[in-house]
Number of protein chains: 2
Amino acid sequence: MENTAIEPEHSESACKGTLRPIRDALDILNGKWKLPIIVALTFGEKRFSEIAKEIDGITDRMLSKELQDLVTNGLVKRTVEETFPVKVTYSLTPHSKSLDDVIESLRKWGILHKSYLVNRDK
Amino acid sequence: MENTAIEPEHSESACKGTLRPIRDALDILNGKWKLPIIVALTFGEKRFSEIAKEIDGITDRMLSKELQDLVTNGLVKRTVEETFPVKVTYSLTPHSKSLDDVIESLRKWGILHKSYLVNRDK
DNA sequence: GATAGCACTATCCTCTATGATAGTACAGTA
DNA sequence: TACTGTACTATCATAGAGGATAGTGCTATC
């Protein structure tokens with residue numbers, strides 16, 4: 001057993017190295033609503049009910065919870081204007097703007113996938 | 001009430017138009033494992049157990065199930081070599097290669113997010 | 001003969017994401 | 001006075017994602 005396919009135990013595989021940041025990203029962006037919420041806010045700051053109106057099917061409960069998550073992770077800023085009644089506004093942070101490429105590539109791929117399905121099913 | 005902010009009911013908001021393909025994409029790529037599996041296969045075709053080795057934490061059951069999903073959606077090709085014993089190989093399809101941009105942007109953002117966290121917490 | 005690898009499948013179980021519904025406190029409007 | 005809008009929170013329920021464990025039929029290896 002002098003040379004049973006020596007594994008490079010010192011340097012992990014390139015694959016694992018690539019996988020790590022991707023899994024980190026997915027941990028933050030997981031779920032059905034986080035990216036849609038961020039996308040909605042790329043069109044400008046919005047109030048709670050305005051976001052709800054843009055995203056079909058989301059419930060108040062989900063929107064509230066996901067917004068909190070996003071604020072905690074530094075991806076959304078919550079601003080309260082001390083008027084009567086208070087006005088609450090949500091907007092993107094510089095950090096969430098760095099998601100532009102992710103969003104754009106996902107959008108393009110969504111379109112591509114749809115046309116793929118059309119071609120396949122005919 | 002002659003002009004109470006007429007909504008453009010004919011043309012939906014730009015926001016909703018952008019959201020649709022993104023939600024389509026997320027529907028296909030959802031879950032913890034699909035993208036990691038595709039990433040693993042970008043490093044070349046692999047056998048079942050080889051994929052399992054690259055992706056920490058995945059169980060056989062999940063890998064099997066997710067691979068089936070991916071094959072169904074045209075994102076992975078399953079090849080059986082009729083040797084003894086049979087050798088099963090998984091590889092990407094041309095269509096899944098169109099995910100390159102998504103994966104690369106996600107990888108970059110994962111790295112960026114990590115350094116964001118480091119800067120924020122100090 | 002025992003064990004290990006391969007590519008799975010079958011059960012069972014738990015937990016979390018998501019959904020449905022209702023309620024709150026206040027203000028403005030008809 | 002009744003209703004609506006705003007920005008939520010609370011409670012309850014459920015489907016399904018995901019995990020743990022074991023088994024299968026075959027072969028190759030110790």
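Source: prediction; values computed, not measured. Letters go in sequence order (proteins before strands), and every chain restarts at 1.
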Presence of K32(A) side-chain N/O under 4.0 Å of dG19(C) phosphate oxygens OP1/OP2: yes
By nearest-nucleotide position on DNA chain D, the 5'-leaning member of N30(B) and P85(A) is P85(A)
Tell me: CH2 of W33(B) to C1' of dG16(D), nearest whole Å? 16 Å
Name the nucleic acid region contacted by R61(A), choosing base, sugar-phosphate or nothing; use a 4.0 angstrom heavy-atom cut-off, strictly under. base
Count the heavy atoms of every other residue, nucleotide or ligand shown that sit under 6.0 Å from NZ of K97(A), and state whether that count exceeds 12. yes
Out of dT27(D), dA7(D), dC8(C), whichever nucleotide has its closest atom nearest the side chain of V88(A): dA7(D)
d(CD1, I58(A); P, dA7(D)) in whole Å: 15 Å
May I ask you to verify if any side-chain N or O of S49(A) is less than 4.0 angstrom from the OP1 or OP2 atom of dG5(D)? no
For the pair made of NZ in K34(A) and P in dA17(C), what is the distance, rounded to whole Å? 8 Å
Whole-Å distance separating the CD atom of E82(B) from the P atom of dT27(D): 14 Å
Relative to the ring of H113(B), is the ring of H95(A) parallel (under 30°), tilted (30 to 60°) or perpendicular (over 60°)? parallel
NZ/K16(B): more than 12 non-hydrogen atoms of other groups inside 6.0 Å: yes
Please work out if Q68(B) contacts a base, only the sugar-phosphate, or nothing of the nucleic acid, heavy-atom cut-off 4.0 Å. sugar-phosphate
Closest to side chain of R78(B), choosing from dG19(D), dT6(D), dC8(C): dC8(C)
When you match V86(B) and E66(A) each to their closest nucleotide on DNA chain C, which lands nearer the 5' end? V86(B)
Integer-rounded Å distance: dG18(D) P and L63(B) CG: 13 Å
Which of these nucleotides, dA7(D), dG19(D), dA7(C), is closest to any side-chain atom of F48(B)? dA7(C)
Using a cut-off of less than 4.0 Å, is there contact between a side-chain N or O of S64(B) and OP1 or OP2 of dC8(C)? no
K87(B) NZ - dG5(C) C1' separation (whole Å): 14 Å
Side-chain donor-acceptor pair present, T89(B), T79(B), cut-off under 3.5 Å: no
Toward the 5' end of DNA chain D, which comes first, D60(B) or Y90(A), by nearest nucleotide? Y90(A)
Contact between W33(A) and M62(A) at the side-chain level, heavy atoms closer than 4.5 Å - yes or no? yes
Atom-to-atom span, CG of L26(A) to P of dG18(D) - whole angstrom: 11 Å
note: I37(A), atom CD1; dC8(D), atom P; distance rounded to Å ~ 12 Å
